[in-house]
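Throughout, protein chains are lettered first and strands after them, A, B, ... in sequence-line order, and every chain is numbered starting at 1.
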Number of protein chains: 2
Amino acid sequence: MANSDPVYLRVVEDLRRQITEGLLQPGAPIPSRHQITRKYGVGETAARHALRVLAQEGLIIGRVGSGHRVRQRPDLLPLHRAQAHFSTDMHAVGRRPTCDVKTDSAEARPDIAVRLRIAAQSPVTRTRIVYRSDGKPVQLAVSYEPIVYNDGTDDITQVAHRLGGNGLKLTEVTEHVYARVPQPVESDVLDLPAGVHVLHVERTHWAGDKPVETSDVIIPCDQFRLVYSLPAPYGDQTGR
Amino acid sequence: MANSDPVYLRVVEDLRRQITEGLLQPGAPIPSRHQITRKYGVGETAARHALRVLAQEGLIIGRVGSGHRVRQRPDLLPLHRAQAHFSTDMHAVGRRPTCDVKTDSAEARPDIAVRLRIAAQSPVTRTRIVYRSDGKPVQLAVSYEPIVYNDGTDDITQVAHRLGGNGLKLTEVTEHVYARVPQPVESDVLDLPAGVHVLHVERTHWAGDKPVETSDVIIPCDQFRLVYSLPAPYGDQTGR
DNA sequence: AGAGTAAAGTTGGAATCACAACTGTTGGCC
DNA sequence: GGCCAACAGTTGTGATTCCAACTTTACTCT
């Protein structure tokens, strides 16, 4: 049974156990390929594969010439979605937030049209934002709003204020959250290590039952976590 | 430049492009290792590595003897976190939800103690839940509450009702969401294909400023997405 | 002693070969 | 026609070998 398991798994499981149990502290060196072949009596292929798997899991990090070490796992920075103020969250941990904003016009893609409840290929204002922390890009966002609402203000970070000024009263925000593999562009811009996934948040602002703006926010899984605060939902619960 | 890129990346990028652009539809066969070595003029190692990367990304799935195919990407089922009713969400899409519940006592781990604001190793009631859809495990949850609240009711799915009956008025739920690689136990129980990440939700129920229950919910990224509905947060915004 | 260089060790990429387990197909036999 | 066995193809795993690029250490020379 355990005998027929792949050899490299034995190595993976032993090292993983040592890391998660704290026997190997963050920063501690991991045995090299050669040392693994000797210590565990496996081939070089198995040793290399084991190291790759652990690196993929984010437990260790390798540098050419210097070896593998147990990865420092900085706490995932919380992003408070109720406010959704990137700059507030960054200031709270002493980072210097900035962002690039580019606005243009485009035709709504089918999925965007569905989210905005408009006809496909309707004109929309598209805003691309690159959020930076201490100069490094750490988040991406693309926002779409029906072009009728746009009044030329190009600071999308104040979208709600602007929309409010247009006589629309925003009542609700919905967010759909899932994780996926980054697209090449995304891992390029965000400089993601191999294997790191991204959180994809599809956010829509509502005025009553009308969607007025929707955006896709791309967040690296290895740096951030989302924090939601909700009212306790059990008051009017009628049972399951 | 692009010339010095690893060879296997050329293969990965070309196949990934064909998949994301729709040239290779879900279910379509991917060239085998041998075919890749011939078509791209690379060695077997590079071909194998490219296929592994794509499988790891969840774009393709391989079966021994049968080959790799473009993965069917079923729509992600929405989980409405405001209610957090697994059964409701499942019924909505015609699935038959069930769950196994096991309750015991334990000492609070350090992280759990912090979340519950109690001393480490305090006694807690631990509840493990396996949620199933049509019999297959699709979600895991472990819930902890200080043992003082427990009255022997073992149906954790009604935790709020029970806690309410104990004179505690639940006011708020916070959820911390991040994605990570599944632990071996998790990918085993949930039968996750290689490369699929999980969403980890750390949920805490609050009565005023006192945490009364906290839980870890493990959700496969390839089947579900989380849906949050929040009040528009801009009314009392004082600017950035 | 200090600076610069050489050597040893490490990772990441790559080629080639091998084998067990499995799948799908094909062809022969009843 | 229908059933079964053999076969070719494929994946997953593994060994072995090599090399380029890099880091760290140790040593030599000034």
Test item: side-chain donor near acceptor, A:Tyr144 and A:Arg109, under 3.5 Å
yes
Interatomic distance where CD belongs to A:Gln35 and C1' belongs to C:dA8 [whole Å]:
13 Å
Taking it one step at a time, do B:Leu140 and B:Val198 satisfy side chain to side chain contact (heavy atoms under 4.5 Å, CB included)?
CA-CA 10 Å; B:Leu140 303 177; B:Val198 292; over 6 Å; no
Here the pair of heavy atoms bringing A:Glu107 nearest to A:Val124 is C-CG2, 4.2 Å
Rounded to whole Å, please give me the gap between CD1 in B:Ile60 and P in D:dT10.
14 Å
Which atoms form the tightest heavy-atom contact between A:Phe224 and B:Tyr178, and what is the distance?
O-CB, 4.3 Å
Which whole-number value in Å describes the distance from A:Arg52 CZ to C:dG13 P?
6 Å
Relative to the 5' end of DNA chain D, which residue comes earlier, A:His49 or A:Gly65, by the nucleotide with the nearest heavy atom?
A:His49
Just the rounded figure in Å: distance from P of D:dG12 to CD1 of B:Ile36.
12 Å
How close or far is atom P of D:dT23 from atom CZ of A:Arg69, stated in whole angstroms?
13 Å
Shorter than 3.5 Å, N or O on both sides, protein versus nucleotides 17-20 of chain C: list them out with atom names.
residue: C:dC17; atom: N4; partner: B:Glu44; partner atom: OE2; Å: 3.2

N/O (side chain, A:Tyr8) to phosphate O (OP1/OP2, D:dG14) under 4.0 Å:
no
Of B:His200, B:His176, B:Glu175, the one forming a side chain to side chain donor-acceptor pair (under 3.5 Å) with A:Arg225 is B:His176
Side-chain N or O of B:His68 less than 4.0 angstrom from OP1 or OP2 on D:dG12?
yes
Side chains of B:His205 and B:Val173 in contact at under 4.5 Å (non-hydrogen atoms):
yes
Using whole Å, what does the distance between atom P of nucleotide D:dT10 and atom CD1 of B:Ile61 come to?
18 Å
Please tell me if A:Ser32 has a side-chain N or O lying less than 4.0 Å from either OP1 or OP2 of C:dT10.
yes
B:Ala46 to B:Tyr8 - nearest heavy-atom pair and separation:
O-CB, 3.6 Å
Separation of C:dT11 P from A:His34 NE2 (nearest whole Å)
9 Å
Nearest-Å distance for atom pair CD1/P, residues A:Ile30 and C:dT10:
14 Å
Establish, with yes or no, whether the OP1 or OP2 oxygen of D:dT23 is under 4.0 angstrom from a side-chain nitrogen or oxygen of A:Ser66.
no
